[in-house]
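Heads up, the thing below is written out as structure tokens.
Atom set for the values below is all heavy atoms of this structure, side chains included, hydrogens, waters and symmetry mates excluded. Naming convention: chains lettered A, B, ... in sequence-line order (proteins, then strands); numbering from 1 in each chain. Quick caveat, the model's predicted, so the values are computed rather than measured.
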There are 2 protein chains.
Amino acid sequence: MARKPADQSVNKQDILLAAADVLQRNGYEATTMKDIAAEVNLTAASLYHHFRNKDTLLLAVLEAGLEQIIGQIEPIVHSRLSSADKLRQMITAHIVSLTQNTAVAAAMIFEMKSLVGGRSELDRNGDTAAHEEFVARQQAVIARRDQFEELFRQVVREGIERGEFRPVDVGIFTKTFLGAHNWVGLWYRPSGRLKGHEIAELMADTFLRALRP
Amino acid sequence: MARKPADQSVNKQDILLAAADVLQRNGYEATTMKDIAAEVNLTAASLYHHFRNKDTLLLAVLEAGLEQIIGQIEPIVHSRLSSADKLRQMITAHIVSLTQNTAVAAAMIFEMKSLVGGRSELDRNGDTAAHEEFVARQQAVIARRDQFEELFRQVVREGIERGEFRPVDVGIFTKTFLGAHNWVGLWYRPSGRLKGHEIAELMADTFLRALRP
DNA sequence: AAAATAATCTAACGCACATTTGATTATCGA
DNA sequence: TCGATAATCAAATGTGCGTTAGATTATTTT
């Protein structure tokens, strides 16, 4: 089979998107390096030029997805809007983002837990130096996920203090709507009855109503 | 190693519970037959006396979990309560059930999708007879999951017709609170600040408020 | 243009895992 | 009590997958 001569080389970003795609379809364990490589017209071996190993690749997918969404949410928190307006915009941004990249969304939902409790491949081999760096990045992602959640909690708390919202259990209420959001990433289909922003609006209505004093 | 002579034999139910437990911790692909077997003090080979293969075992876990929760919800739907009371009881029953058996809950959330899109091991081997039976059971589980969701939709619709609830998009609203519920199964810890029934109450409050005309 | 580095490939390795085989022990119905 | 069936095991099989080694080609630097 003749090699395509000018098939220009692939970068990490391409691989991350492809990986998210395959991950969404198959889940981490069922996703092979070959699957991911095929998606970008490479061989499995070539991926190791870009990523140390499979676990690191997954981690990079999660990191990228997390930073992307936090980048969208954070400015809203620190704006001068009313708490209600903030929350509405945050909810919308989150859901729209999830529906626009369901691949990354699903990867984050399904694979995040493998960071918390899961045994990773590296656990048994002896490269402790690389392993420790990996564990550190792993914990950083978990911490970042918590910070993300805290952004929402902050706004709910603020709204209660300002008297815009009724007093609710901030932790539970936040987990309630974040759960609803994440779930969207699992059932949303671009071909469905409603678009992402329409779903977002309906859900924002629901939760802002539930917060009315 | 001397065999324990009177270690009485294990039944399918035991295996299903053990499997759900391991599944929760590791996810389907990362769960080995040996892991499950160890949980009930058997060897991997022995599991094949009870289940045709690994896929069938997963399927049985999902079937059992689904029937369990439907059995709890269905009577409420057909009772004489107000729609609001029905919904409150259904929400509570669902969440309490999820928190009482987080193993099965997580398995259902994470592994259900492998029924929809995933490639199962059997896909490539040639036993078409067994394979077709498997596919049939697989589709039955998916259909049953949809029926479960329809029970909730039904009550929301009924409440709107009776004027108890404001008119909402029934499909989206239902997916909203079911998403919130399922999420509970992923973060709930028995050692946490609130018990299952307390969480259930708070969430029911949220959604019933959002439905007020 | 030479040297250095980046990107990719083919081929091979080793291992963990699902599954099969065939034997062994327990239980139960007649 | 005996034959049948259920439940279990140890051992072997085959395969798919992550990963490595080493060579080859492309690109960038000097």
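Listed nucleotides: D:dG18, C:dT8, D:dA6. Nearest to the side chain of A:Lys54: D:dG18. Checked against D:dT19, D:dA6, D:dC9, the side chain of B:Ser46 finds its nearest nucleotide in D:dC9. For A:Ala45, counting side-chain heavy atoms from C-beta on, the closest listed nucleotide (C:dA11, D:dG18, D:dT8) is C:dA11. Checking D:dT8, C:dT8, C:dT19 against every side-chain atom of B:Ala44, the shortest atom distance belongs to C:dT19. Nearest to the side chain of A:Thr32, among D:dC17, D:dT8, C:dT10, sits D:dC17.
In this structure, B:His49 atom NE2 and C:dT27 atom P are separated by 13 Å, rounded to whole Å. Atoms CG (A:Asn41) and C1' (C:dT8) sit 12 Å apart, rounded to a whole Å. C:dA6 atom C1' lies 13 Å from atom CG of A:Leu42, rounded to whole Å. The separation between B:Asn11 atom CG and D:dA7 atom P is 9 Å, rounded to whole Å. Protein atom CG of B:Asp35 is 13 Å distant from nucleotide atom P of C:dA16, rounded to whole Å. A straight line from CG of B:Leu47 to P of D:dA10 spans 13 Å, rounded to a whole angstrom. Rounded to whole Å, the distance from CD on B:Glu29 to C1' on C:dA16 is 14 Å. Note: CG (A:Asn26) to C1' (D:dG18) measures 16 Å, nearest angstrom.
Below 30°, between 30° and 60°, or above 60°: for A:Phe152 and A:His94 the angle between ring planes is between 30° and 60°, a tilted geometry. Using the six-membered ring where Trp is involved, A:Phe177 and A:His181 have ring planes that are tilted, between 30° and 60° apart.
Judged by closest nucleotide on DNA chain C, A:Tyr48 is the one of B:Lys34 and A:Tyr48 placed further toward the 5' end.
Between A:Glu67 and A:Arg144 a salt bridge is recorded (basic side-chain N to carboxylate O distance below 4.0 Å).
When the side-chain nitrogen and oxygen atoms of B:Thr43 are compared with OP1 and OP2 of D:dT8, none of them lie within a distance under 4.0 Å.
Under a 3.5 Å cut-off, the side chain of A:Tyr28 and the backbone N or O of A:Phe110 do not form any donor-acceptor pair.
We find the CG-CG distance between A:Leu17 and A:Asn101 to be 6.5 Å, quoted to the nearest 0.5 Å.
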